[in-house]
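Lettering follows sequence order; numbering is per chain, from 1.
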There are 2 protein chains.
Amino acid sequence: MIKETNGIRGGRRGPEQLDLFDRKILGALAEDALQSYAVLGKAVNLSPPAVHERVKRLRRSGVMKGAHAALDGTALGKPLLAFVHVEAAGWGKSERLMQLCRFPEVEEMHSVAGDASVIFKVRTGSPRALEAFLSQVHAVPGVTGTKSYVALSTYLERPVQAEMTSDWPEYPLPA
Amino acid sequence: MIKETNGIRGGRRGPEQLDLFDRKILGALAEDALQSYAVLGKAVNLSPPAVHERVKRLRRSGVMKGAHAALDGTALGKPLLAFVHVEAAGWGKSERLMQLCRFPEVEEMHSVAGDASVIFKVRTGSPRALEAFLSQVHAVPGVTGTKSYVALSTYLERPVQAEMTSDWPEYPLPA
DNA sequence: GGTGAAACAGTCGCTGA
DNA sequence: TCAGCGACTGTTTCACC
């Protein structure tokens with residue numbers, strides 16, 4: 001006989017709900033993934049092994065996919081950030097278009113609903129490099145046009161946040 | 001007398017150029033910020049203390065700003081990703097608009113050149129929550145309209161890459 | 001999930017080139 | 001002056017309560 005120690009159903013696996021401890025741990029790791037389990041445990045009132053156990057579980061379940069260094073694009077020689085909207089005849093997502101992801105300048109690629117088929121987020125070293133990317137996009141069969149939005153200032157750029165505003169409509173604007 | 005051992009000028013400090021070792025280290029840390037200096041050193045053929053010294057220097061100079069955990073939006077209960085373009089009368093960037101960054105659903109905010117003043121990247125739990133965000137945007141004085149691009153699929157989403165394609169125009173499409 | 005101990009890696013000082 | 005080596009400190013991680 002199987003003892004049900006996991007809450008509701010013993011057989012449930014995968015999309016298990018996250019409790020407040022998990023949210024706090026994930027939020028702290030999203031801010032700084034390099035802090036030790038000791039300080040992490042202090043922040044959430046848990047022992048280091050307990051934190052470690054939860055982090056391992058969160059990584060296994062796929063909620064936390066890893067940790068990445070945050071690099072400064074300008075310092076790396078890529079001061080130009082742009083969002084490129086691609087309009088295409090028919091179904092925009094083609095194998096040919098996805099090959100553009102090979103370029104290290106491309107950071108994101110989404111297919112979207114709206115008056116665009118695909119949106120690229122591109123960080124280049126110069127307007128010339130952005131032009132070269134656009135020429136590559138236009139060389140893809142089916143592409144009918146592009147619209148580029150060059151970032152003048154970036155006021156916020158952060159990873160996925162663990163918190164949610166529980167009830168949006170009534171949520172007050174924070175002071 | 002000061003010996004010039006740092007390449008060109010001994011007195012230069014701050015925006016020092018990155019050599020191939022730095023690029024490799026940064027690239028490896030962008031992929032996985034949690035790997036030890038030992039394996040990092042093996043990857044770039046450097047001793048662990050040497051790698052550590054370089055990482056410290058890169059953090060001081062601001063090229064590497066930190067490390068963040070990569071969380072899965074869907075697993076966190078935020079399956080809906082959207083880019084919201086804000087059109088505003090006059091200069092779009094207002095203090096009132098920047099307060100929207102307080103919402104954890106907002107991940108990016110850029111002022112851009114093009115037929116939009118500001119672009120938000122928003123990750124919400126439901127269409128209802130996105131609607132609530134849009135209502136907050138429209139409540140900001142000066143905002144004349146919004147255009148939302150809801151992501152249907154995300155084909156690529158990665159941090160700033162350390163590599164650059166040295167010469168874009170002639171760069172061949174990778175197979 | 002908490003407590004202890006062992007294994008491990010990060011960190012500093014030293015030596016050699 | 002810089003890279004490689006060894007000892008100390010702190011963290012990770014395991015077995016047990």
More than 12 heavy atoms of other groups within 6.0 Å of B:Lys42 NZ
no
Side-chain ([X]) to main-chain ([Y]) donor-acceptor, under 3.5 angstrom:
X        : Y        : result
A:Arg23  : B:Leu76  : yes
B:Glu31  : A:Ala67  : no
A:Glu107 : B:Leu156 : no
B:His68  : A:Pro159 : no

For B:His110, give me all partners under side chain to side chain donor-acceptor pair (under 3.5 Å), at least two apart in sequence or on another chain.
A:Thr154, B:Glu108
Whole Å only: how far is the [atom1] atom of [X] from the [atom2] atom of [N]?
X       : N      : atom1 : atom2 : answer
B:Ile25 : D:dA3  : CD1   : P     : 11 Å
B:Arg54 : D:dG4  : CZ    : C1'   : 14 Å
A:Lys42 : D:dT11 : NZ    : C1'   : 14 Å
A:Phe21 : C:dG2  : CZ    : P     : 8 Å

Scan nucleotides 10-17 of chain C nucleotide by nucleotide, 5' to 3', and note B when protein non-hydrogen atoms come under 4.0 Å of the base, S if they reach only the sugar-phosphate, - if neither.
SSS-----
When you group the ILVMFWY residues by side-chain heavy-atom contacts below 4.5 Å and let the links chain together, are B:Val112 and A:Leu134 in the same group?
no
What base-paired stems does DNA chain D take part in, with at least 3 consecutive Watson-Crick or G-U wobble pairs and both distances under 3.5 Å?
C:1-9 with D:9-17, C:11-17 with D:1-7
Verify the distance criterion only: is there a donor paired with an acceptor across the side chains of B:Thr146 and B:His85 at less than 3.5 Å?
no
If I pick the P atom on C:dT11 and the same atom on D:dT13, what distance separates them, to the nearest angstrom?
16 Å
